[in-house]
Amino acid sequence: MPLRVHSMKDTLIRLYNYTCKRIFHHDSPLCLHTIRNELLRFEGGSVDLQIDNETGIAVMTLNNPRKMNAMTGKMMVDMSDCVHELEQWQEGKGLILRGEGGNLCTGGDLCFVKKALHFGDEMAIYQHDTLTRLLNLPLISVALIQGHALGGGAELCTACDYRVMSPGGRIGFVQIKMGLTTAWGAATRLTKLLGRRKALELLCSAKILLPSAALVSGLVDHVLPEGCENELLETQKWLLENFIAFDASLMRAIKSQVVHAEHAADVALALEKERKLFVQTWGGPAQLKALAANIKHKAPLKS
């Protein structure tokens with residue numbers, strides 16, 4: 001049995017690496033390590049990671065509240081490091097992305113932006129790499145939108161599988177007002193998420209959406225109830241109840257199947273990868289446990 005678990009782990013790692021290489025070409029002439037060193041020159045704020053092995057839920061926190069969690073170069077490097085740590089976390093099931101101090105993120109820190117006008121291509125390459133890896137983690141990821149998620153902050157939200165919004169939240173792709181297009185990959189992700197027409201509407205109008213409008217548009221998946229005392233805890237409960245109640249290895253395998261299927265140009269290849277992952281779970285510990293408990297017809301009812 002240990003050989004089966006080890007084989008499944010190896011399959012997931014190979015599939016994950018293969019998919020990331022297909023999506024983001026690491027043979028770019030611009031070296032990510034060189035870009036990283038340049039970004040570290042732009043200090044301020046941090047991105048912090050808390051991992052809970054008991055629940056299988058990690059929390060990644062943007063921490064620059066004095067500037068509404070606007071991203072500095074250092075924070076971009078911190079986020080990449082956090083993603084790397086999550087890539088190594090074998091017990092993980094879920095991830096919540098949030099901001100400190102009542103806002104998620106308001107894009108790039110203006111001090112950083114003004115000093116890095118020569119560095120736009122490199123910054124975009126670095127962020128594309130980080131956010132692609134974030135989205136494709138073998139975890140179910142949720143952006144918790146409290147306060148403002150504007151510009152680059154809205155882009156970060158599209159690098160999560162789901163978006164949960166506080167009643168007081170605001171989200172908008174306001175880059176066009178700043179004389180810019182999206183820098184961190186949101187046009188690509190938003191078009192896949194909502195389709196061409198809705199993506200054009202959100203990106204070209206610079207509309208700032210309230211929770212009700214964001215929910216109707218499909219950009220947001222859940223709005224937290226009014227008067228919620230602990231919105232982070234409520235988001236954790238939503239994640240647990242809807243997506244990550246079962247075996248960690250199975251959750252991670254399913255996420256990897258979906259990631260590969262989404263990006264595979266060849267449907268037959270996607271089905272082959274899905275089959276190989278399935279075979280690793282068939283007769284495995286989680287299935288045997290479920291069979292022994294006779295839980296097939298005991299799934300929890302959803303109101």
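Side chains included, hydrogens not; waters and symmetry mates left out as well; all remaining heavy atoms used.
Looking at heavy atoms from C-beta onward, I176 lies out of side-chain contact with L203 at the 4.5 angstrom threshold. Side chains of D109 and M75 form no contact here, defined as non-hydrogen atoms less than 4.5 Å apart. Considering only heavy atoms from C-beta on, L219 comes within 4.5 Å of F173 through its side chain. Between W89 and L95 the shortest side-chain heavy-atom distance does not fall below 4.5 Å. Between V142 and W238 there is a side-chain heavy-atom pair separated by less than 4.5 Å. Residues T158 and L131 are not in side-chain contact: their nearest non-hydrogen atoms beyond the backbone lie 4.5 Å or more apart. A 4.5 Å side-chain heavy-atom check between M79 and M71 finds at least one atom pair inside the cut-off. At a threshold of 4.5 Å between non-hydrogen side-chain atoms, the residues L39 and F119 count as touching.
If you run side-chain hydrogen bond (donor to acceptor under 3.5 Å, both in side chains) between S80 and each of R133, E85, R36, only R133 comes through. Tested against R163, the residues L215, L193, L144 include a single side-chain contact (heavy atoms from CB on, under 4.5 Å) partner, L193.
Between N103 and G147, the shortest heavy-atom contact is OD1-CA, 3.5 Å. Nearest heavy atoms, L62 versus C105: CD1-CB, 3.6 Å. The heavy-atom pair separating G185 from H128 by the smallest distance is N-NE2, 3.4 Å. Contact record, E38 with H118: OE2-NE2, 3.9 Å, taken as the closest heavy-atom pair. The two residues G45 and D78 come nearest to each other via the heavy atoms O-OD2, 4.3 Å. Shortest non-hydrogen contact noted between I35 and I125 is CD1-CG2, 4.1 Å.
Counting heavy-atom neighbours within 6.0 Å of K192 NZ, excluding the residue itself, gives a total above 12. Within 6.0 Å of the CD atom in E91, the count of heavy atoms belonging to other residues, nucleotides or ligands exceeds 12. Q88 CD: more than 12 foreign heavy atoms inside a 6.0 Å radius.
No hydrogens or angles considered: a donor-acceptor pair under 3.5 Å links the side chains of Q175 and E155. Between the side chains of T61 and N63, no donor-acceptor pair of N or O atoms lies under 3.5 Å.
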Notebook entry, point to check: Would L104 and N69 count as a side chain to side chain contact (heavy atoms under 4.5 Å, CB included) if you check the C-alpha gap in whole Å, the side-chain angles of each, and the deciding distance to 0.1 Å?
Noted result: CA-CA 7 Å; L104 179 57; N69 297 319; over 6 Å; no

Next item on the list: Take C111 and K67 through the side chain to side chain contact (heavy atoms under 4.5 Å, CB included) test and state the conclusion after the steps.
Entry: CA-CA 10 Å; C111 292; K67 296 189 175 182; 3.6 Å; yes

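Note that the CD atom of E234 and the OG atom of S166 stand 11.5 Å from one another [nearest 0.5 Å]. The distance from the CG atom of L239 to the CD1 atom of I96 is 5.5 Å, given to the nearest 0.5 Å. Between atom CG of residue L134 and atom CE of residue M60 there is a gap of 5.5 Å, rounded to the nearest 0.5 Å. With rounding to the nearest 0.5 Å, the separation of CG in L49 from CG in D81 is 10.5 Å. Atoms OH and NE2, from Y126 and H33 in turn, are 9.5 Å apart once rounded to the nearest 0.5 Å. We find the CG-CG distance between D129 and L32 to be 5.0 Å, quoted to the nearest 0.5 Å.
Residues L194 and I171 are members of one and the same hydrophobic cluster, defined by side-chain heavy-atom contacts under 4.5 angstrom among Ile, Leu, Val, Met, Phe, Trp and Tyr. The same ILVMFWY cluster, assembled from side-chain heavy atoms under 4.5 Å apart, contains both W184 and L117. Connection of V223 to L210 is not established within any shared hydrophobic cluster, with ILVMFWY side chains joined at heavy-atom distances below 4.5 Å, either directly or through further cluster members. Neither L135 nor L190 shares a network with the other; the hydrophobic side chains, linked directly or stepwise wherever heavy atoms of I, L, V, M, F, W or Y lie under 4.5 Å apart, form separate groups for each. One hydrophobic cluster, built from ILVMFWY side chains closer than 4.5 Å, holds both V47 and I51.
Below 30°, between 30° and 60°, or above 60°: for F112 and F42 the angle between ring planes is above 60°, a perpendicular geometry.
A salt bridge links R98 with E100; the closest basic N to acidic carboxylate O contact falls under 4.0 Å. Salt-bridge formation is not detected for the pair K289/D247: no Lys NZ or Arg NE/NH1/NH2 atom is positioned less than 4.0 Å from an Asp or Glu carboxylate oxygen.
Remark: side-chain polar atoms of R170 are not paired, donor with acceptor, to backbone N or O of L150 under 3.5 angstrom. A donor-acceptor contact shorter than 3.5 Å links the side chain of K255 to the backbone of L137.
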